[in-house]
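Start at 1 and go down the list; that is how both ligands and their atoms are numbered. Since we're looking at a predicted model, the values are computed, not measured. These numbers come from the heavy atoms of this one structure, side chains and all, not from hydrogens, waters or symmetry mates.
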Amino acid sequence: MADGLAAVFARLIAATGPISIAHFMAESNAYYYAARDPLGAAGDFVTAPEISQMFGELVGVWLADIWQRAGRPEGACFVELGPGRGTLARDALRAARRGGLCPEVHFVETSPALKALQEAAHPDAHWHNDLSSLPADRPLLIVANEFLDALPVRQLVRMGDGWRERMVGVDAEGTLIPVAGARPMDMAVPARFTDAAEGAIIETSPAAVTVVQEVSRRLAEQGGAALFIDYGYVEPQLGSTLQAVRAHRKADVFAQPGEADLSALVDFATLAAIAEQAGAQWLGTSEQGPWLAALGIGARAGSLARAAPHAAEAIEEATIRLTAPAEMGALFKVMGLAAPGWPDGAGLHRVT
Ligand code: SAH
């Protein structure tokens with residue numbers, strides 16, 4: 001018999017019918033993040049800022065550089081969405097200060113457990129549950145690393161008789177399983193996918209679209225720039241990318257809701273189009289490896305290694321992990337956005 005959140009879902013579904021994948025993912029991740037620090041060797045997964053201080057430093061260098069070339073507007077705020085342990089912000093703000101940028105710090109975070117860690121590292125920061133309460137009268141310098149991938153996705157599945165929403169139901173034993181919803185969803189499917197093969201899945205993230213829309217609208221109105229860094233794809237594709245990770249291993253998506261991290265690849269092409277529609281400039285979307293190289297990770301690794309020769313090997317390993325195509329260098333993408341009239345982003349190129 002299932003326990004914890006799985007049992008709650010099983011009772012809900014038995015009483016009222018299947019729930020959407022988006023509902024399942026949103027509730028599972030809210031539960032998952034609320035009470036734990038999932039990051040690091042003892043947790044479930046490791047993120048780029050936890051691999052090396054160089055990652056956050058280069059984010060800080062990027063933000064300070066675009067702010068300087070925009071004419072050093074006064075009052076600009078540093079904003080991080082889903083700051084985890086606060087590590088990226090610590091390294092980014094140290095590097096930004098060297099560039100003359102000393103911003104007020106704002107964090108968007110829903111997890112009480114992670115907020116407590118962020119408070120210890122950044123006692124002067126301001127916290128928000130969502131973007132709506134961020135300052136509205138100043139430029140914003142925004143970063144989000146592995147944030148969009150945690151937001152719920154909606155899935156449509158092609159059945160023999162047309163498109164349905166992909167949902168979560170229960171089998172006779174009370175085990176959670178994917179099922180097709182009862183309502184026809186053909187109207188929600190773009191024309192080019194109408195005749196896709198049976199079993200095809202269309203995945204979208206209305207929540208990620210909403211975040212990028214709100215960020216872009218604010219950049220257009222207030223000035224500023226944003227970096228979204230995540231694993232994702234640049235060409236639109238079909239198929240489910242929803243995955244569960246627990247203790248650094250892939251797990252069954254439906255088996256342990258609330259106990260494993262659920263994430264999905266980010267659809268960067270759609271988000272760039274959304275950003276432009278909302279009035280922001282899309283500065284380009286680059287692979288993480290070339291972007292870090294363009295910002296000087298090689299030189300930074302060299303100077304850190306000279307200052308701490310005993311750590312030279314670890315610094316070299318971290319550089320490879322962050323940049324090599326077979327590691328995080330190609331799967332992870334960096335998307336830059338800015339207010340109209342702001343300059344280009346270092347290391348980013350628009351490819352149309
Ligand atoms: N950026 C950090 C942490 C990534 S994990 C790093 O790179 O190490 C995802 C982060 O997003 C966590 O801080 C999590 O609590 C937060 N998060 C997830 N869903 C959220 C939501 N809907 N609103 C705000 N924060 C959220």
Side-chain angles (χ1 to χ4, degrees), residues 22-60 63 78-93 105-122 125-134 142-153 205-215 226-232 242-246 248 257-258 260-266 288 292 318 321-322 328 331-335:
H23 180 176
F24 172 77
M25 186 174 176
E27 293 290 339
S28 298
N29 271 354
Y31 185 100
Y32 174 77
Y33 280 107
R36 77 189 80 210
D37 169 11
L39 299 161
D44 291 323
F45 58 98
V46 177
T47 55
E50 302 297 334
I51 291 172
S52 167
Q53 70 187 76
M54 294 184 289
F55 185 82
E57 287 171 349
L58 293 173
V59 167
L63 293 172
F78 173 88
V79 176
E80 187 172 355
L81 313 180
R85 291 175 171 172
T87 308
L88 186 159
R90 184 195 66 201
D91 297 330
L93 289 164
V105 176
H106 291 262
F107 290 147
V108 175
E109 177 60 71
T110 43
S111 157
L114 290 172
K115 189 177 163 200
L117 291 178
Q118 293 156 19
E119 268 167 347
H122 301 272
H126 304 265
W127 279 266
H128 306 264
N129 285 326
D130 56 45
L131 284 78
S132 63
S133 53
L134 289 170
I142 302 172
V143 59
N145 184 62
E146 291 213 41
F147 173 72
L148 296 177
D149 68 71
L151 301 182
V153 292
S205 179
V209 165
T210 303
V211 165
V212 170
Q213 249 169 358
E214 168 79 358
V215 162
L227 280 177
F228 286 97
I229 309 170
D230 229 307
Y231 48 157
L242 181 57
Q243 65 167 20
V245 170
R246 187 172 190 183
H248 307 274
D261 177 57
L262 294 184
S263 66
L265 294 187
V266 172
Q288 177 172 296
L292 290 172
R321 234 174 126 187
L322 292 173
M328 298 174 77
L331 179 59
F332 280 73
K333 311 291 188 296
V334 180
M335 179 174 79

Taking only residues two or more places apart in sequence or in another chain, which ones pass salt bridge (charged side-chain N to carboxylate O under 4.0 Å, His left out) with Asp91?
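With sequence neighbours excluded, Asp91 shows a salt bridge (charged side-chain N to carboxylate O under 4.0 Å, His left out) to Arg94, given in chain and number order.
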Applying salt bridge (charged side-chain N to carboxylate O under 4.0 Å, His left out), name anything that partners Arg36, two or more places apart in sequence or on another chain.
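If we apply the salt bridge (charged side-chain N to carboxylate O under 4.0 Å, His left out) test to Arg36, skipping adjacent residues, the hits are Glu259.
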Output all residues satisfying side chain to side chain contact (heavy atoms under 4.5 Å, CB included) with Ser28, sequence neighbours left out; order by chain, then residue number.
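For Ser28, the residues satisfying side chain to side chain contact (heavy atoms under 4.5 Å, CB included) (neighbours in sequence not counted) are Leu5, Phe9, Phe24, Pro257, Leu262.
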Interatomic distance, Leu134 atom CG to His126 atom NE2 [nearest 0.5 angstrom]
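Answer rounded to 0.5 Å: 11.0 Å.
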Pairwise, report which nitrogen or oxygen atoms of ligand 1 are under 3.5 angstrom from protein nitrogen or oxygen atoms, and how far apart they are.
{"unit_1": "ligand 1", "atom_1": "1 (N)", "unit_2": "Gly82", "atom_2": "O", "d": "2.7"}
{"unit_1": "ligand 1", "atom_1": "1 (N)", "unit_2": "Asn145", "atom_2": "O", "d": "2.8"}
{"unit_1": "ligand 1", "atom_1": "7 (O)", "unit_2": "Thr47", "atom_2": "OG1", "d": "3.4"}
{"unit_1": "ligand 1", "atom_1": "7 (O)", "unit_2": "Asn145", "atom_2": "ND2", "d": "2.8"}
{"unit_1": "ligand 1", "atom_1": "8 (O)", "unit_2": "Thr47", "atom_2": "OG1", "d": "2.6"}
{"unit_1": "ligand 1", "atom_1": "13 (O)", "unit_2": "Gly84", "atom_2": "N", "d": "3.1"}
{"unit_1": "ligand 1", "atom_1": "13 (O)", "unit_2": "Glu109", "atom_2": "OE1", "d": "2.7"}
{"unit_1": "ligand 1", "atom_1": "15 (O)", "unit_2": "Glu109", "atom_2": "OE2", "d": "2.5"}
{"unit_1": "ligand 1", "atom_1": "23 (N)", "unit_2": "Thr110", "atom_2": "OG1", "d": "3.4"}
{"unit_1": "ligand 1", "atom_1": "25 (N)", "unit_2": "Thr110", "atom_2": "OG1", "d": "3.4"}

Quick one: do Arg85 and Asp37 satisfy salt bridge (Lys or Arg N to Asp or Glu O under 4.0 Å)? Show the steps, please.
CA-CA 8 Å; Arg85 291 175 171 172; Asp37 169 11; 2.8 Å; yes
Please report the C-alpha distance between Thr110 and Tyr33 in whole Å, then the side-chain angles of each, then the deciding distance to 0.1 Å, and finally whether the side chain to side chain contact (heavy atoms under 4.5 Å, CB included) criterion is met.
CA-CA 8 Å; Thr110 43; Tyr33 280 107; 6.0 Å; no
